[in-house]
**Q** 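Starting off with a structure, shown below.
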Amino acid sequence: MESSDREDRADAPVTGNAAQTLLDLEFTNRFTADLPADPESSNARREVKGALFSRVAPTPTSAPALVAASAECAELIGLDPAETQTEDFARVFSGNGLVPGMDPFAMTYGGHQFGHWAGQLGDGRAINLGEVLGPDGHGWNLQLKGAGPTPYSRTADGLAVLRSSVREFLCSEAMHHLGVPTTRALSLTVTGEQVMRDMFYDGNSKLEPGAVVCRVARSFVRFGSFELPASRGEVHLIQGLADHVIRTCYPELVPDGTPIDKGVYLEWFKEICQRTATMVAHWTRVGFVHGVMNTDNLSILGETIDYGPYGWLEDYDPNWTPNTTDAGGRRYRFGHQSSIAHWNLTRLASAIVPLLEGEVEGLQEAVDAFPKAYADEWGRQLGDKLGLAAFDEKRDAPLAAELFRVLELAETDMTIFFRALSDVTSDPAPLHAAYYTPDKVGSDAREALEAWTQTYLARVGQDDRPTEERHAQMSAANPLYVLRNYLAQLAIDEAEKGSYAGVVELLDVLRNPYTEQPGREQFAGKRPEWARHRPGCSMLSCSS
Ligand code: AMP
Ligand code: MG
């Protein structure tokens, strides 16, 4: 492609009429061009030192077929959405063919899993196909998850099953439309092969359909990508990777080719802290629990990455975790996510210490500032949820604390509660719709809600703003449609029988999470009773 074209496109908005085919994609592949490669390119399992990635090809499969594709994500990379319906698209994005310009590879990284250093992990079942120049002027990395083994697969198979792939595909796009920073998902394909999985690690293995998701992000570098070279004293790799990430994804820190010095590294780290705070505050806003916040699952861009045993809060419960693998310690429970993010940032700070040439005070200060950064960001977002002109910590924190205490007194659907809050004008009646078992709600809980409602209405009154303005603010912060755990499971049940309409419809519903969609009320309802204890709806594991 001519460079003048590239300049034309640099500032062009994503218009939806990119009308390009797979063969028109322009690959920039800066990761493999800039950084040291492993000299070996087989998928034999091994320790890889002195390099940041290994070239490895996806494994072909017997009968690739498309399940669903995201039109918005196709446009993001400059692909005509119609192209996603072609046979070539299904072939390429299930790992059965490469487009000229692709340079497939798997990344090395390490990580702390459940608080313990785990050594080398790496992309065990993710294969990056390459970086595409998008119509927005950004480089977008395409990554297949589940396309076969890599040097980092350790004892596992490099594959993924349909149930977890449906969940990753739908949630990535749902989060994007909710305004939560996230990696994206271009496509979901089935491979035509069966994969053996023990869903709850309890000796009940069975064959499940194999699937591949193509994820899209400006970078898939994780906190653990720095921890692994740091653990080996490979300072040149830490620096090379940091410089690559800064130049490709944080260009505002180095305008006009500014040399990267320790001041830049510190500003970069502060920005990662801020973005991570913002991301977790969004999770709290929409009721999302990541489920496995290991340091290898935190993106260097502050985006939600690695959708595994995540879940959505139904009844408000800060102690809830969807991940049965984490049931003992509940390390990754809803109300603990900001503390874990803080802990993870401390691990990242330790890994990049060598870049600061001994000046660690700034790093320490940035880490120490995280709880306040999170509180400020969450205060802003909670202010929007409550429809306040501004959330003032001193004045409004007691109102917020009492709200979350009241929400725990009776089983109350968080999403429905906040959406109904803007309808409250004098008494809490609209909020009662959020109770799971209204008959069982005691008078103490009802009275506490009544009292809180009056305090809330008085507080809102102090802002003296038009009601419509408050409504608009609240409707943009409190989604009506989220990827309820049981909704994903219903789509999975159908998909496992070969019918993908449920996946496609959910994807469509979740495109407009803040807007009422007549005829689709069932997607905004409470979790039905049958789903309370059904595996996949309330219980998940890392098996995927
Ligand atoms: P996760 O907990 O899913 O983020 O994965 C932790 C590590 O295990 C990462 O290095 C993954 O690439 C790897 N991994 C997970 N599942 C598989 C699999 N089926 N095959 C190969 N590697 C895997
Ligand atoms: Mg992971």
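Just so it is clear, the structure is predicted and the values come from calculations on it, not from any experiment. Just so you know, ligand 1 is whichever comes first in the structure, and atom 1 is the first atom listed for that ligand.
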**Q** Which of the N/O/S atoms in Asp306 sits closest to the Mg ion (ligand 2)?
**A**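 Minimum-distance N/O/S atom of Asp306 relative to the Mg ion (ligand 2) is OD2.
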**Q** Which protein heavy atom lies closest to atom 17 (C) of ligand 1, and at what distance to 0.1 Å?
**A**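 Result for atom 17 (C) of ligand 1: Arg125 NE, 3.6 Å.
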**Q** How far is atom 12 (O) of ligand 1 from its nearest protein heavy atom, and which residue and atom is that?
**A**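 Answer for atom 12 (O) of ligand 1: Gly124 N, 2.8 Å.
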**Q** Given the protein's heavy atoms, is any one of them under 4.0 Å from atom 22 (N) of ligand 1?
**A**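 When distances to the protein are checked, atom 22 (N) of ligand 1 has a heavy atom within 4.0 Å.
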**Q** State, without any angle test, whether Arg30 and Ser219 hold a side-chain donor-acceptor pair at a distance under 3.5 Å.
**A**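 Absent: no donor and acceptor within the cut-off.
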**Q** Look up atom CD in Glu271 and atom OG1 in Thr278, then write down how far apart they are to the nearest 0.5 Å.
**A**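 Going from CD on Glu271 over to OG1 on Thr278, the span is 8.0 Å.
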**Q** Please report which non-hydrogen protein atom sits nearest to atom 2 (O) of ligand 1, along with the residue it belongs to and the distance in Å to one decimal place.
**A**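 Protein heavy atom at minimum distance: Asn297 ND2, 4.1 Å.
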**Q** Flag Asn297 as yes if one of its N/O/S atoms falls below 2.8 Å of the Mg ion (ligand 2), otherwise no.
**A**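 Yes, Asn297 qualifies, because one of its backbone or side-chain N, O or S atoms lies under 2.8 Å.
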**Q** Using side-chain heavy atoms (C-beta onward) and a distance below 4.5 Å, is Asp38 in contact with Phe53?
**A**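 SC-SC contact between Asp38 and Phe53 ruled out.
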**Q** As an exercise, state the distance from CD of Gln489 to SG of Cys537, rounded to the nearest 0.5 Å.
**A**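 Here the rounded value is 5.0 Å.
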**Q** Would you call Gln120 a ligand 1 contact, heavy-atom distance under 4.0 Å?
**A**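 Outside the 4.0 Å threshold, so no.
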**Q** At what distance is the nearest protein heavy atom to atom 13 (C) of ligand 1, and which residue and atom is it?
**A**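 Of the protein heavy atoms, Arg154 NH2, 3.6 Å lies nearest.
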**Q** Let me know which of Arg215, Arg511, Arg184 forms a salt bridge (Lys or Arg N to Asp or Glu O under 4.0 Å) with Glu173.
**A**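 Among the candidates, only Arg184 passes.
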**Q** Enter the distance from Cys73:SG to Leu186:CG here, rounded to the nearest 0.5 Å.
**A**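 Interatomic distance, Cys73 SG to Leu186 CG, rounded to 0.5 Å: 5.0 Å.
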**Q** Please report the interatomic distance CG(Leu35) to CG(Leu52), rounded to the nearest 0.5 Å.
**A**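 It comes to 5.5 Å.
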**Q** To the nearest 0.1 Å, how far is atom 5 (O) of ligand 1 from its closest protein heavy atom, and which atom is that?
**A**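 That would be Asp296 OD2, 4.6 Å.
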**Q** With a cutoff of 4.0 Å, is Gly158 in contact with ligand 1, counting heavy atoms of the residue only?
**A**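 It does; at least one heavy atom falls under 4.0 Å.
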**Q** Side chain or backbone of Tyr152 under 4.0 Å from ligand 1, or both, or neither, by non-hydrogen atoms?
**A**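 It is neither; nothing of Tyr152 touches ligand 1.
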**Q** Decide ring pair (Phe, Tyr, Trp, His ring centres under 6.0 Å) for Phe223 and Trp343; before the verdict, give the C-alpha distance in whole Å, the side-chain angles of both, and the deciding distance to 0.1 Å.
**A** CA-CA 12 Å; Phe223 289 10; Trp343 191 88; over 10 Å; no
**Q** Where is the nearest protein heavy atom to atom 6 (C) of ligand 1: which residue, which atom, and how far?
**A**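 It is Gln113 NE2, 3.7 Å.
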**Q** Taking 4.0 angstrom as the limit and counting only heavy atoms of Leu159, give me the atoms of ligand 1 inside it, by number and element.
**A**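 Contacts of ligand 1 toward Leu159, numbered from 1: 19 (N).
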**Q** Mind checking the OG1-CG spacing from Thr182 to Leu301? Nearest 0.5 Å is all I need.
**A**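 Answer rounded to 0.5 Å: 11.0 Å.
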**Q** How far is atom 18 (C) of ligand 1 from its nearest protein heavy atom, and which residue and atom is that?
**A**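 Here the closest protein heavy atom is Ala156 CB, 3.5 Å.
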**Q** For atom CD of Gln194, is the number of surrounding heavy atoms from other residues, nucleotides or ligands below 6.0 Å larger than 12?
**A**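 Counting neighbours around CD of Gln194, more than 12 heavy atoms of other residues, nucleotides or ligands fall under 6.0 Å, so yes.
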**Q** Around atom 19 (N) of ligand 1, find the nearest protein heavy atom and jot down its residue, atom name and distance.
**A**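 Result: Asp157 OD1, 3.1 Å.
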**Q** Specify side chain, backbone, both or neither for Asp306, according to which of its non-hydrogen atoms lie closer than 4.0 Å to ligand 1.
**A**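 For Asp306, the contact with ligand 1 is made by the side chain alone.
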**Q** Can you see whether Thr61 engages Glu193 through a side-chain donor-acceptor pair at a distance of less than 3.5 angstrom?
**A**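 Side-chain D/A pair, Thr61 to Glu193: absent.
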**Q** Please confirm whether Gly122 comes within less than 3.5 Å of ligand 1 when only nitrogen or oxygen atoms on both sides are compared.
**A**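 Yes, since at least one N or O of Gly122 sits under 3.5 Å from an N or O of ligand 1.
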**Q** Below 4.0 angstrom from a heavy atom of Arg197, which ligand 1 atoms are there? Numbered from 1 as shown, please.
**A**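 Listed by number with element: 19 (N).
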